[in-house]
Amino acid sequence: MAESSNTTLYGDDKLKSDPEAEREHVTLHRVESVSERVDSRLALSSRPSAHQLDSSISQQVFYAFHHEHHQHSKDGGADDKEEPSHTNTSCEKEIQSSTESAEIIYVDWEPNDPRNPATYSNTRKWVITVTACAMTGLSAAVASTYPIGYGSMTADLNCTTFQATIGLSLYTLGFGLIPLVTAPFSEEFGRQPLYVVSGFIFMIMHLGVALAQNIQSVQIMRFIQGGAGSTGATMVGGTIADIWSPEQRGLPMSVFAIGAIGGLGLGPTLAGWIETNKNLQWRWIQYIHLIVGFVLFLAIITFMKETRGSVLLTKIAKKMRKDTGDPKYRARIEDERGSLKSLMLVSLTRPIYFLFAEPVVTSFSLWIGFAWGVLFVFLESISPAFTQLHQFNIGEIGSIYGCISIGSVLGFASHYFIQERLYRNQYKRRKQEARLYSACAAGILFPISMFIYAWTSFSHVTWIAMAIGIVLFVWAAFVMYLAVFSYLADCYGPFASSALAGQSLCRNLAGTAFPLFTTQMYAKLTFKWAGTLFGGIAFLMMPIPFILFFRGPRIRAKSKFASQVPTFSS
């Protein structure tokens, strides 16, 4: 490794060398110079004391409870006021004194430090990316293959189709709710542990569903399975943002979108023929997923490395504090862990804050949320539509889901060969908004594809026409999905997982609700008018990507988070 240029800033920009920094091969800065960003809602005055810094979560819980109990006692009456808790008072004085007097120096990476995930080799980056995207593809396939087994499941478990549909909705509900906790905590404590734990739970839930003896057990385990599988959605965008620079993210994000959308089509294509075999049916759909999930779990353990740079810096800072006995060393991200209260504030509220307080996230969440809900309507409608109108059997219906994979391939090709070229050529002029050229085109194709699907849903019109409508719809949805993830990752950088978790909540709540009324809606309105209704709503939402394309810079400049993220030369 090259000789370290480690320095510590003291007083009025006076530089002094630091032997400890040289030994650990890191650079040290004051807060104004460190590159790592933290939650903008936290003031420097809230940063943790040396006492709080190395406290465990259990110790912080105990202190928070003890502190609240002491405060309550002080307000409770005269007797309590006469006998205050000296132990708690001394603890508070120690923390206050530590915060006021201790010199705080921040640990940061050296240029081209090989431990920094952003400087991993391309081979290592691609191994991590492909492994993460494989989880994305499997979690998508698990969502879409489930409805294929409705026929044998309802007969085997003696339940209604609506009860079985609840299992689909609960899966997407878990997909939306659980990341509100897991995504921001991954930004505080690391992504690798979450991949390992969620990968294991996701795998085991397949066994639980396959062995279930009643529909209630299926529903509960589908919710847990969706929560675990959500790591393959919200976490992967953050992982890609960790290791790939904005100008390099186009292809990795495209691979991610192939997994998220293409997986929805590939799974049912195979599951349809499993369902037609009376010796296999719905339970073996789960068993096969279990086998694939086991292989994926082994890949996660073997290949997934920690990609959250601030978490790795935290480990270095802790080691420096332990080796020197000096509490001044810390990583910038540790300023978010001053107390259990501040940790809960910045972690658990961040995705919700993004969803409701960041116009970029709010508008894109509504747009992609509606598209995602309609996508799940398509997943539910394909079976009755092609059965009633064209007399397809379940195996042939599964093959129709291959249209989703075809649309994903077209979306990938158009993004990689057209959008990425536009991005490279226009980035200097458009900055992050250079990601949105294809999104504007998708905004136009989106309602057109639904009108095609709706107005070809007649028995006297060849089934190929409806299939074309599905392909065009998925093409548009793929581009929209990829644009949302790429644009938010560029806009919010280190906070990408929280931004994506916020839009994931909106997206998956729509995916939860829409399938519950699909059958009734098509029965009341027919395929033609239900599709027309969706197409009309999509037409009204068409301006969203255009507004962000032209007004995005002004909107981002007013954001507490997006304004922290620097732009890069392309």
Step-by-step side chain to side chain contact (heavy atoms under 4.5 Å, CB included) determination, Gln281 to Ile285 | CA-CA 7 Å; Gln281 298 190 319; Ile285 293 175; over 6 Å; no

Pairs touching residues 193-204 that satisfy side chain to side chain donor-acceptor pair (under 3.5 Å), sequence neighbours left out | Tyr195-Thr239, Ser198-Thr231

Would you say the side-chain atoms of Ser405 pair up with the backbone N or O of Leu266, donor to acceptor, closer than 3.5 Å?
-> yes

Any chance you could measure Asn277, atom CG, to Ile394, atom CD1, to the nearest 0.5 Å?
-> 13.5 Å

Is the backbone of Ile178 close enough, under 3.5 Å, to the side chain of Ser230 for a donor and an acceptor to pair up by distance?
-> no

Is the gap between the ring centers of Phe392 and Trp463 under 6.0 Å?
-> yes

Going from CG on Leu375 to CE on Met480, what distance comes out if it is rounded to the nearest 0.5 angstrom?
-> 10.0 Å

Does the Ser254 side chain pair with the main chain of Phe412, one donor and one acceptor, at a distance under 3.5 Å?
-> no

Just checking, any donor-acceptor pair under 3.5 angstrom between side chains of Thr512 and Ser169?
-> no

Here the salt bridge (charged side-chain N to carboxylate O under 4.0 Å, His left out) pairs for residues 281-302, sequence neighbours left out, are Asp156-Arg283

What residues form a side chain to side chain donor-acceptor pair (under 3.5 Å) with Ser381, not counting sequence neighbours?
-> Tyr453

Side chain to side chain donor-acceptor pair (under 3.5 Å) partners of Ser144, counting only residues at least two apart | none

Check whether the side chains of Ser438 and Gln419 place a donor and an acceptor atom closer than 3.5 Å, and report yes or no.
-> yes

Would you check if Ile201 and Gln225 make a side-chain contact, meaning some heavy-atom pair closer than 4.5 Å?
-> no

Establish, yes or no, whether a centroid distance under 6.0 Å links the rings of Tyr487 and Phe364.
-> yes

Is the distance between the ring centroids of Tyr437 and Phe549 less than 6.0 Å?
-> yes

Can you name the side chain to side chain donor-acceptor pair (under 3.5 Å) partners of Gln426, sequence neighbours left out?
-> Arg429

Results of side chain to side chain contact (heavy atoms under 4.5 Å, CB included) for Thr302 - residues two or more places apart only = none

Less than 6.0 Å separating the ring centroids of Phe517 and Phe514?
-> yes

Charged N-O contact under 4.0 Å between Glu420 and Arg249 = no

Report, as yes or no, whether the 6.0 Å neighbourhood of atom OH on Tyr287 holds more than 12 heavy atoms from other residues, nucleotides or ligands.
-> yes

Rounded to the nearest 0.5 Å, how far apart are CD1 of Ile544 and CD1 of Ile368?
-> 10.5 Å

Sorted by chain and number, sequence neighbours left out, ring-ring contact (aromatic ring centres under 6.0 Å, His included) with Phe223 holds for none

Answer whether the closest heavy-atom distance between the side chains of Arg556 and Glu433 falls below 4.5 Å.
-> yes

How many angstroms lie between CD in Gln286 and CG in Leu280, if you round to the nearest 0.5 Å?
-> 13.0 Å

Which distance, rounded to the nearest 0.5 Å, do you find between the OG1 of Thr129 and the CZ of Phe303?
-> 13.5 Å

Check against side chain to side chain contact (heavy atoms under 4.5 Å, CB included), Phe478 and Ile258 | CA-CA 8 Å; Phe478 181 97; Ile258 280 282; 4.0 Å; yes

Donor-acceptor contact below 3.5 Å, side chain Ser486 vs main chain Ala483 = no

Side-chain donor-acceptor contact under 3.5 Å, Ser245 with Gln248 | yes

Just by modelled atom types, is the Ala164 backbone N or O under 3.5 Å from a matching donor or acceptor in the Tyr146 side chain?
-> yes

Contact check, side chains of Phe370 and Phe534, non-hydrogen atoms, under 4.5 Å = yes

Do side-chain atoms of Ser121 reach the backbone of Arg124 as a donor and acceptor pair under 3.5 angstrom?
-> yes

So side chain to side chain donor-acceptor pair (under 3.5 Å) across residues 537-552, not counting sequence neighbours, yields none

Looking at side-chain heavy atoms only, is the closest gap between Gln503 and Leu355 below 4.5 Å?
-> no

Short question: side chain of Glu396, backbone of Asn393 - any donor-acceptor pair under 3.5 Å?
-> yes

Is Trp126 atom CH2 crowded by more than 12 heavy atoms from other residues, nucleotides or ligands, each under 6.0 Å away?
-> yes

Any side-chain heavy-atom pair from Leu270 and Tyr401 closer than 4.5 angstrom?
-> no

Does the separation of the ring centres of Phe297 and Phe200 fall below 6.0 angstrom?
-> yes

Would you check if the distance from the ring center of Phe546 to the ring center of Phe550 is below 6.0 Å?
-> no

Check against side chain to side chain contact (heavy atoms under 4.5 Å, CB included), Ile400 and Ile470 | CA-CA 9 Å; Ile400 289 295; Ile470 296 173; 4.1 Å; yes

4.5 Å side-chain heavy-atom contact, Pro179 and Leu505 | no

When rounded to the nearest 0.5 angstrom, what distance separates OG in Ser408 from NE2 in His415?
-> 13.5 Å

Can you list the residues that meet the ring-ring contact (aromatic ring centres under 6.0 Å, His included) rule with His206, with sequence neighbours excluded?
-> Phe202, His289

Please check if the side chain of Glu306 supplies one atom and the backbone of Arg308 the other of a donor-acceptor pair under 3.5 Å.
-> yes

With Ser414, which residues qualify under side chain to side chain donor-acceptor pair (under 3.5 Å), at least two apart?
-> Trp475

Given the side-chain rings of Tyr522 and Phe527, with only the six-membered ring counted for Trp, is the space between their centroids under 6.0 Å?
-> yes

Are any of the side-chain heavy atoms of Ile444 and Met542 separated by less than 4.5 Å?
-> yes

Mind checking ring-ring contact (aromatic ring centres under 6.0 Å, His included) for Phe294 and listing every partner two or more places apart, or none if nothing turns up?
-> none

Hey, does the side chain of Lys305 reach the backbone of Gln192 with a donor-acceptor pair shorter than 3.5 angstrom?
-> no

ring-ring contact (aromatic ring centres under 6.0 Å, His included) with Phe354: which residues, sequence neighbours excluded?
-> Tyr492, Phe561

Partner of Phe473 by side-chain contact (heavy atoms from CB on, under 4.5 Å), out of Ile448, Val374, Ile452 = Val374

Mark yes or no for whether Gln219, through its side chain, and Gln163, through its backbone, hold a donor-acceptor pair below 3.5 Å.
-> yes

Measure centre to centre between the rings of Tyr481 and Trp372, then say whether the value is under 6.0 Å.
-> yes

Any side-chain heavy-atom pair from Leu436 and Pro545 closer than 4.5 angstrom?
-> no

